[in-house]
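Note sheet for the following structure.
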Amino acid sequence: MTQKSPPLVLPPSLSRTVAALPDKDRNRLDDTITRLHTVNGRLWDTEDRVRGALLSAAQVADCKREIDQLNAERNLLAERADEVLGSLADAGRADVPLHTETLASVVDRLSVLTLRIWHSERAAARDELARRRVPVLRGQREELCAALDALASDVAAGRRRLPVPARFKLYGRDGAAPAEIKPSRRLRRVLAFGGLSECGKSTSAEFVQRTCGAQRFKIGFLLRQAAHREGLADPYALSPRRQAELLLGELNRFADAHVDTELFTIESVHDDASIAELKRIMGDALQIVYLDASFAVRVERSGTPAQAVAAKDEIKMSRGAHQVAALADHVIDNTGSIAALRARLRRIAAPPASTALRAATPYGLGLPAAVASATADFTDAVRAYGPGVRLAALTGSPGEGSWIAGWSDLDLLVVAEHEAIGRVHEALEQYRTALGGAASLGPTLVTPGELTARRLTPRLAFVLHQLQQGSPVLHAAPSLELPTISRGELVFAAVRELPQVILTMRRLRADAGPTALRQLYKHLVLACRLLLREHNQWESGPDRILAAASRMPGLTALATPSLAEISSAWRDGEAELVLKPVTVAVDQLLTWYAAQLAA
């Protein structure tokens with residue numbers, strides 16, 4: 001269709017009705033009708049081309065293929081328009097007269113008539129027959145607009161029923177597949193989201209994309225891409241097996257070109273037969289996720305009338321959308337909180353795994369005898385609580401073998417069911433009492449559900465990574481499952497955590513008296529550790545971390561005393577002797593950091 005061809009203008013009453021639709025439906029309908037009118041224009045031009053010029057047999061075949069493809073797209077767009085226009089219908093009675101065609105079919109005829117008038121007007125200057133035809137065509141358009149307005153009013157009032165909009169047009173090849181297709185070895189995991197209208201499919205796929213780095217695809221897009229690539233006109237007319245192979249072919253192609261992509265999502269699964277075939281081919285690499293919610297909940301969430309949601313449901317159910325639940329690997333009741341939904345999605349997208357952890361006694365961690373004894377008593381106490389307590393571990397310096405009495409804290413991680421937290425509190429009180437003043441205890445209590453749902457702070461993610469890399473634990477239940485934390489995730493966690501560390505370090509620097517030495521130095525080391533992660537450097541131990549950070553581009557070497565010297569001065573009450581070089585190093589780092597982020 002050329003640029004000068006006229007736009008499609010809906011009759012006034014229907015235009016006002018469409019304008020009152022929710023934004024989402026109105027925008028979708030506007031886009032669909034515009035594309036439908038464009039396709040009709042391209043069809044007209046292609047048919048003129050194949051009739052008017054002397055073409056070779058190969059050129060005629062190409063034009064015929066293009067006409068088939070355009071007709072397939074035309075019918076698909078008309079069905080999509082009916083999905084929205086069907087929501088205008090009042091439920092009415094089953095015995096009201098049935099109209100012969102859908103609203104979108106009439107809109108499609110109006111589009112073709114608009115184009116016919118335009119072409120006739122252009123030909124009128126040189127063709128007398130065309131000139132006499134124009135007034136007749138304009139009268140037909142007025143009558144068709146009036147009939148369309150009347151039909152829309154009758155449908156909305158329940159005086160007319162509309163037929164099922166599915167056209168089931170057959171264009172292109174048959175469903176035979178020339179060769180068996182298998183998943184690429186780089187296509188590791190695919191989540192397919194299904195469900196009825198407004199059940200949360202798109203919301204769920206978007207969340208998985210944002211939090212898990214998944215590559216997100218629409219099934220319709222993949223099928224259209226495959227059809228275009230293979231010269232197919234209407235992929236929806238093919239057998240379920242062939243559709244599944246087309247989908248897999250596109251996924252394979254993308255996975256092979258993007259080898260770092262670990263997870264893909266596809267939506268929305270409305271055809272139970274084709275997704276069943278895809279599951280047969282892919283096996284467990286494809287996980288089908290069905291989002292379920294009551295009709296009342298879905299209507300409330302949609303913000304549209306119940307009949308609008310019902311109309312969309314009817315179309316989806318005609319394709320087998322509701323039967324996908326029986327095929328699903330995961331059925332999620334999405335009537336609860338968003339927190340519950342996201343927790344379930346994280347477990348599906350990044351499933352936890354049983355982890356073999358290295359156990360050690362407190363006496364093997366280089367702790368003083370009194371501290372080791374108190375820690376052993378605590379470990380015995382929580383172990384006696386049975387499966388309610390899944391994990392207990394001293395993290396940080398004890399695990400790294402750099403714990404210093406009078407300087408280091410005892411950072412303790414306990415993973416316990418919520419019901420067992422009260423007993424853990426009692427054990428912690430006994431632990432503090434036994435420690436006396438020998439060490440300061442810093443416990444972190446977390447439930448297994450929080451871990452497997454990946455509700456993790458950056459610090460907790462790093463601790464889990466360290467445990468999985470071999471840092472020792474005091475106690476681990478045999479059935480313990482933990483999320484796998486990659487180095488890539490820690491890099492992004494460092495990006496999130498570093499701003500808060502920098503802000504805290506500036507606050508500490510503003511009041512940098514001797515009493516602030518310990519916290520100021522620890523935040524300096526932590527900031528450098530996080531910056532090194534961004535540079536893919538994974539040093540441990542404060543002295544090594546500060547030395548490695550001094551080699552970052554543009555940063556003046558941080559000339560701080562060793563940890564042994566600083567901790568000794570702190571224990572001996574001589575913090576002021578080492579405070580100056582620490583504050584100088586802090587100032588150097590803050591100046592460098594500000595310069596790196598300057599506009």
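This structure is a prediction, so every number in the text was calculated from the model and none was measured.
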Passes side chain to side chain contact (heavy atoms under 4.5 Å, CB included), Leu187 versus Met282? Steps please.
CA-CA 10 Å; Leu187 186 64; Met282 294 188 65; 3.7 Å; yes

Give a yes or no on whether a salt bridge exists between Glu79 and Arg319, defined as a side-chain N under 4.0 angstrom from a carboxylate O.
yes

Val424 to Ala416 - nearest heavy-atom pair and separation:
CG2-CB, 4.1 Å

Pair Arg80 + Glu83, salt bridge at N-O below 4.0 Å
no

What one should report as the nearest heavy-atom pair of Arg301 and Gly336 is NH2-O, 4.1 Å

Among all residues two or more places apart in sequence or in another chain, which pass the side-chain hydrogen bond (donor to acceptor under 3.5 Å, both in side chains) test with Ser486?
Glu489

Whether Asp284 and Arg189 form a salt bridge (side-chain N of Lys/Arg under 4.0 Å from carboxylate O of Asp/Glu) is what I want to check.
no

Quick check: does any side chain N or O of Asp271 sit under 3.5 Å from a backbone N or O of Pro240, one acting as donor and the other as acceptor?
no

Contact between Ile332 and Asp292 at the side-chain level, heavy atoms closer than 4.5 Å - yes or no?
no

Non-hydrogen side-chain atoms of Arg160 and Val96 separated by less than 4.5 Å
no

side-chain contact (heavy atoms from CB on, under 4.5 Å) partners for Ala527, two or more places apart
Leu498, Val501, Ile502, Met505, Leu589

Say whether Ser184 and Asp256, considering side chains only, have a donor N or O and an acceptor N or O under 3.5 Å apart.
yes

Tell me every residue that passes side-chain hydrogen bond (donor to acceptor under 3.5 Å, both in side chains) with Gln215, counting only those two or more places apart in sequence or in another chain.
none

Dump the intermediate steps for side chain to side chain contact (heavy atoms under 4.5 Å, CB included) on His270 and Met317, then the final yes or no.
CA-CA 8 Å; His270 292 158; Met317 291 171 70; over 6 Å; no

For Lys279 and Ile288, indicate whether the former's side chain and the latter's backbone hold a donor-acceptor pair under 3.5 Å.
no

Would you please name every residue forming a side-chain contact (heavy atoms from CB on, under 4.5 Å) with Pro305, sequence neighbours left out?
Gln307, Ala308

Keeping Arg496 on the side-chain end and Val491 on the backbone end, is there a donor-acceptor pair under 3.5 Å?
no

Answer whether the closest heavy-atom distance between the side chains of Arg241 and Ile281 falls below 4.5 Å.
yes

Between the side chains of Asn40 and Asp108, is a donor N or O closer than 3.5 angstrom to an acceptor N or O?
yes

With a 3.5 Å distance limit and no angle check, can you tell me whether Ser204 reaches the backbone of Gly200 through a side-chain donor-acceptor pair?
yes

Rounded to the nearest 0.5 Å, what separation is found between the CZ atom of Arg242 and the CD1 atom of Ile181?
8.0 Å

Is there a side chain to side chain contact (heavy atoms under 4.5 Å, CB included) between Thr447 and Val415? Walk through the geometry before answering.
CA-CA 5 Å; Thr447 67; Val415 180; over 6 Å; no

What residues form a side-chain hydrogen bond (donor to acceptor under 3.5 Å, both in side chains) with Gln537, not counting sequence neighbours?
none

Sorted by chain and residue number, the ring pair (Phe, Tyr, Trp, His ring centres under 6.0 Å) partners of His258 (sequence neighbours excluded) come out as Phe254

Could you state the interatomic distance from CG (Asp82) to CG (Leu77), rounded to the nearest 0.5 Å?
11.5 Å

Do Phe193 and Thr265 have side chains that get closer than 4.5 Å, going by heavy atoms?
yes

Do Val269 and Leu327 come within less than 4.5 Å of each other through their side chains, counting heavy atoms only?
no

Please determine, by modelled atom types, if Ser318 and Glu314 share a side-chain donor-acceptor pair under 3.5 angstrom.
no

Tell me, which pairs form a side chain to side chain donor-acceptor pair (under 3.5 Å) where one or both residues lie in residues 467-481, sequence neighbours left out?
none

Tell me whether Arg210 at atom CZ has more than 12 heavy atoms from other residues, nucleotides or ligands lying less than 6.0 Å away.
yes

How would you list, by chain and number, every residue that makes a side-chain contact (heavy atoms from CB on, under 4.5 Å) with Thr444, sequence neighbours excluded?
Leu413

Under 3.5 Å, is there a donor-acceptor pair between the Ser111 and His37 side chains?
yes

Gln466 and Thr395 side chains, donor-acceptor separation under 3.5 Å:
no

Side chain proximity check, Ile485 to Phe462, heavy atoms < 4.5 angstrom:
no

Go through the steps to decide whether Gln287 and His330 satisfy the test side chain to side chain contact (heavy atoms under 4.5 Å, CB included), and finish with yes or no.
CA-CA 8 Å; Gln287 295 287 291; His330 312 275; 2.8 Å; yes

When you measure from the side chain of Ser274 to the backbone of Gln243, do you find a donor-acceptor pair of N or O atoms at a distance under 3.5 Å?
no

Arg298 (side chain) donor-acceptor with Val309 (main chain) under 3.5 angstrom:
no

Any residue meeting side-chain hydrogen bond (donor to acceptor under 3.5 Å, both in side chains) with Thr203, in chain and number order, not counting sequence neighbours
none

Minimum side-chain heavy-atom gap Arg533-Arg529 below 4.5 Å:
yes

Any side-chain to backbone donor/acceptor pair from Arg390 onto Pro387? Under 3.5 Å, distance only.
yes

Rounded to the nearest 0.5 Å, what's the gap from CG on Asp313 to SG on Cys199? Could you check?
9.0 Å

Side-chain heavy atoms of Leu445 within contact of Leu428, under 4.5 Å:
yes

Summary of ring-ring contact (aromatic ring centres under 6.0 Å, His included) pairs that have at least one residue in residues 275-327, sequence neighbours excluded
none

CD on Gln209 to CG on Leu191, rounded to 0.5 Å:
12.5 Å

Quick one: closest heavy-atom pair of Pro483 and Leu451, and the distance?
CG-O, 3.3 Å

Using 0.5 Å steps for rounding, measure from the CZ atom of Phe217 to the CD atom of Gln225.
9.0 Å

Salt bridge or not for Arg455 and Glu450, using N-O below 4.0 Å?
no

All heavy atoms of Arg253 vs all of Glu250, minimum pair found to be NH1-OE2, 2.8 Å

Expected output: side-chain Asn27 to main-chain Asp23 donor-acceptor under 3.5 Å:
yes

Residue pairs passing the side chain to side chain donor-acceptor pair (under 3.5 Å) test with at least one member in residues 343-358, sequence neighbours excluded, are Arg347-Thr452

Under 4.0 Å between a Lys/Arg side-chain N and an Asp/Glu carboxylate O for Glu262 and Arg186?
no

Counterpart residues, side-chain contact (heavy atoms from CB on, under 4.5 Å), relative to Pro22 (two or more places apart)
Asp25, Thr304

Once rounded to the nearest 0.5 Å, what's the spacing between atom CG of Leu460 and atom CZ of Arg454?
11.0 Å

